[in-house]
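Read through the structure below, which is laid out as structure tokens, and then see the notes.
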Amino acid sequence: MQTRLFVSRPARRTVAAILLGSALAAGGAWHVGALQSSGPPGAATAALPSLAGTIERVTPAVVNIRVERSVRAEMPAGPQEFMRRFFGERGPWGDRAPWPEKWRDWQPVTGVGSGFVISADGHIVTNHHVVAGAKEIAVTFHDKRKLAARLVGADPKTDLALLKVEAEEPLAHAAFGDSGAVRVGDWVVAVGNPFGLGHSATAGIVSARGRQIGAGPYDDFLQISAPINRGNSGGPTFNLQGEVIGVNTAIFSPNGGNVGIGFAVPAALANDIVAELKTNGAVERGRLGVRIQHMGDDLAESLGLEKAQGALVASVDPSGPAAAAGLKAGDVILEVDGERVVEMRRLPRMIAERDPGRTVKLKLWQDGAEASVEAVLAAMPAGNEVAKADAPEGGFAGLDLGAADGRVVVADVAPGSPAARKGVREGDVLLSVDRRAVGTPGEVEDIVAELRTAGRKAVLMLLRRENSDRFVALPLDTA
């Protein structure tokens, strides 16, 4: 099993062009077994390292996973069409079920994935999506032994799961390495069960760090070029020392096959999650109770910050820890316990890494000055996120404002205007301008005129759409 990220046909052409361009730039020549020196013609070549020793050491710890699930079977297309032609949608059974019960039974479905043993007593790491909903889990080792496994715990937010098998003797196992020390360009080896074929090894390099792929609020993937495919999910990515530096989770694929872009959960995150699953069977996360959004240069200028930094608070849960600590919409969270919030997307993980009940010290930009507060984190409810990150949106020029029930509403957005380009939509409710509450379009006009007279280039506005609030910085230099 493998999570796939699909791209549009134009994107496929772009990817193909990039790959083709790279090959042509290299003169169309591919060298196997040696890398051409960057020195003058005739310089010695440097041999690529053999990975055989690493693969031989780590393979006994890697397992193939087979799961049995039950899904509701659909009526076969042929009989279904035949019955409908002759009997219509209701079928020949009057007021009873329109189609025979045997065509609506739950049927077993088999799935495959990969995993790796992390302890001699039989704990195995894999992906949550590999074992989600499984009625039976079977593990096959490199020596062809098969053992039944039970689920110890799973964490859907990071797509990790922990299994346990009972073996008669200690099992070969792998250890997590330091993914923080991994550099772009380091060699890696992926071992797993692609397409259910059995133990297979591939090699490549670390292509990038800190990738976001939209998988969840804690995206922080290693991107690797070692080919991984469906069935590799949950398998390990090793460094040349045989340490696990990532858990293979997803691929970028225009066509369902591998194009050399895979993603692995870094060992630093996986190790912590697995340890908590082993102890508690679940992961507890801290919750601050805010919604945040990206800080762009225009928003930073509107708030009086010298540069874009931190996470802008778009709204505060009135019953959450942030509200009790005095946070409010428009604050910017700059630090957590002395650690800088370098970018907005780091904040959810920084909070989630801390246990419920812990007191955290927050450094804020509040009302045009720095402030420090303390908040006691609550527990994250199952299925909720610590802070949902809204995409940066905004605009002002091109807006037509109206009034409804004591609120200012966007009545229209001129096509092609700055407001339209920044995503403001008809029906958005304008809550405040320059952090001043507004109830009529006239009040908005007065504030805008005042700011223009003062020489301001942009104005900070708070919009609400479908019970979600967000700040936007809107330009004042156009009508």
Side-chain angles (χ1 to χ4, degrees), residues 1-2 51 54-67 111-131 134 137-155 158-167 169-179 182 188-194 196-204 221-222 224 226-250 262-275 277-278:
M1 301 177 66
Q2 190 71 43
L51 305 176
T54 298
I55 294 171
E56 289 173 358
R57 292 198 308 274
V58 303
T59 295
V62 183
V63 299
N64 302 335
I65 296 175
R66 186 180 183 90
V67 301
V112 295
S114 305
F116 56 100
V117 184
I118 60 167
S119 64
D121 63 353
H123 284 93
I124 297 172
V125 174
T126 187
N127 281 149
H128 166 259
H129 78 260
V130 169
V131 296
I137 306 173
V139 171
T140 302
F141 292 81
H142 185 245
D143 59 7
K144 307 304 181 183
R145 282 181 301 165
K146 293 184 179 180
L147 294 175
R150 64 178 176 86
L151 180 65
V152 176
D155 182 47
T158 55
D159 198 17
L160 293 170
L162 183 65
L163 310 178
K164 180 71 166 62
V165 297
E166 303 299 333
E169 67 283 333
L171 297 174
H173 55 282
F176 283 111
D178 182 5
S179 59
V182 171
V188 292
V189 174
V191 184
N193 181 29
L197 294 173
H199 282 72
S200 298
T202 57
F221 291 94
L222 295 176
I224 62 172
I228 57 176
N229 290 281
R230 283 177 292 177
N232 277 107
S233 284
T237 290
F238 295 99
N239 59 22
L240 295 190
Q241 289 71 50
E243 300 167 324
V244 178
I245 54 95
V247 182
N248 301 324
T249 297
F263 302 98
V265 178
L269 174 59
N271 195 16
D272 291 342
I273 296 297
V274 168
L277 291 176
K278 187 175 181 180

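Every heavy atom of this structure was used, including side-chain atoms; hydrogens, water molecules and symmetry mates were not.
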> Excluding sequence neighbours, so at least two apart, what forms side-chain contact (heavy atoms from CB on, under 4.5 Å) with Ala172?
Replying inline: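 Result, side-chain contact (heavy atoms from CB on, under 4.5 Å) vs Ala172: Pro60.
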For the residue pair [X] and [Y], what are the closest heavy atoms and their distance?
X	Y	answer
Leu147	Ala167	CD1-CB, 4.1 Å
Leu163	Val152	C-CG2, 3.9 Å
Ala203	Leu51	CB-CD1, 3.2 Å
Val63	Phe116	CG2-N, 4.1 Å
Ala190	Ala226	CB-CB, 4.2 Å
Val139	Ala149	CG2-CB, 3.8 Å

| message | Quick one, Val165 with Leu171, criterion side-chain contact (heavy atoms from CB on, under 4.5 Å). Give me CA distance, side-chain angles, the key distance, then yes/no. | response | CA-CA 10 Å; Val165 297; Leu171 297 174; 3.9 Å; yes
- Run the numbers on Phe238 and Val244 for side-chain contact (heavy atoms from CB on, under 4.5 Å), then give the verdict. CA-CA 5 Å; Phe238 295 99; Val244 178; 3.6 Å; yes
Exercise for the section: Please step through side chain to side chain donor-acceptor pair (under 3.5 Å) for the pair Asn248 and Thr237, ending with a clear verdict. Expected result: CA-CA 7 Å; Asn248 301 324; Thr237 290; 2.5 Å; yes
Backbone of [Y] reached by a side-chain donor or acceptor of [X] within 3.5 Å:
X	Y	result
Lys164	Asp121	yes
Thr126	Ser114	yes
Ser119	Val117	no
Asn127	Asp159	yes
Thr202	Pro227	yes
His199	Val62	yes
Thr54	Leu240	yes

TODO: State which residues pass side-chain hydrogen bond (donor to acceptor under 3.5 Å, both in side chains) with Asn271; sequence neighbours excluded, sorted by chain then number.
DONE: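 In terms of side-chain hydrogen bond (donor to acceptor under 3.5 Å, both in side chains), with neighbours along the sequence ignored, Asn271 is linked to no residue.
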Rounded distance (nearest 0.5 Å) linking atom [atom1] of [X] with atom [atom2] of [Y]:
X	Y	atom1	atom2	result
His173	Ile118	NE2	CD1	9.5 Å
Glu243	Phe176	CD	CZ	11.5 Å
Ile124	Ile137	CD1	CD1	9.5 Å
Leu277	Thr158	CG	OG1	7.5 Å
His128	Asp155	NE2	CG	8.5 Å
Thr249	Asn232	OG1	CG	11.0 Å

Is there side-chain contact between Val189 and Ile55, with at least one heavy-atom pair below 4.5 Å? yes
task = Output all residues satisfying salt bridge (charged side-chain N to carboxylate O under 4.0 Å, His left out) with Arg57, sequence neighbours left out; order by chain, then residue number.
result =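 Listed in chain order: nothing, the list is empty.
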